[in-house]
Amino acid sequence: MNCVVMTPLSVYVFRCQSVIVCRVSPKQKAQMVNLVRKHVPGSITLAIGDGANDVPMIKAAHVGVGISGFEGVQAVNSSDYAIAQLAR
């Protein structure tokens, strides 16, 4: 049996078209991606990150985008697609 504990956060996540996660641990970012992948039928997840702390999230998503820049190239090396940098 597939049982999900419906926390207040998951109730909102399952109703949203987009979810943005920031200021949480790398493990929590990956858990959010996995939550959506597992419990939202037909969902396609996209994770965008620019540092080593984003690698678990990028690897968990269907599509991962790494942005190279000040924080190194770990996110780029773990991603499906890479962006050189964002314009300022």
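Just so you know, these numbers come straight off a predicted model, no measurement behind them.
- Hydrophobic clustering of Ile, Leu, Val, Met, Phe, Trp and Tyr side chains at less than 4.5 Å, counting indirect connections, unites Leu46 with Ile67.
- Criterion: ILVMFWY side-chain heavy atoms under 4.5 Å apart, direct or through other members. Under it, Val55 and Val24 are not part of a common hydrophobic cluster.
- When the side chains of ILVMFWY residues are joined at heavy-atom separations under 4.5 Å, either directly or via intervening members, Leu9 and Val21 end up in a single hydrophobic cluster.
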Would you be so kind as to tabulate the donor-acceptor pairs closer than 3.5 Å made by side chains of residues 70-77, with sequence neighbours excluded?
from  : atom 1 : to    : atom 2 : distance (Å)
Asn77 : ND2    : Val73 : O      : 3.4

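- The side-chain hydrogen bond (donor to acceptor under 3.5 Å, both in side chains) analysis of residues 40-58, with sequence neighbours excluded, yields the pairs Lys29-Asp54, Thr45-His62.
- With sequence neighbours left out, the side-chain hydrogen bond (donor to acceptor under 3.5 Å, both in side chains) criterion links Ser25 to Gln28.
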Under the side chain to side chain contact (heavy atoms under 4.5 Å, CB included) criterion, do Gln31 and Asn34 qualify, and how do the steps go?
CA-CA 5 Å; Gln31 287 173 331; Asn34 288 323; 5.7 Å; no

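- Both Ile48 and Tyr81 belong to a single network of hydrophobic side chains, linked directly or stepwise wherever heavy atoms of I, L, V, M, F, W or Y lie under 4.5 Å apart.
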Chi angles and distances behind the side chain to side chain contact (heavy atoms under 4.5 Å, CB included) call for Leu35, Phe14:
CA-CA 9 Å; Leu35 178 74; Phe14 296 156; 4.0 Å; yes

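- Cluster annotation: Met57 is not connected to Val19 through the hydrophobic network of ILVMFWY side chains, with a link wherever side-chain heavy atoms come within less than 4.5 Å.
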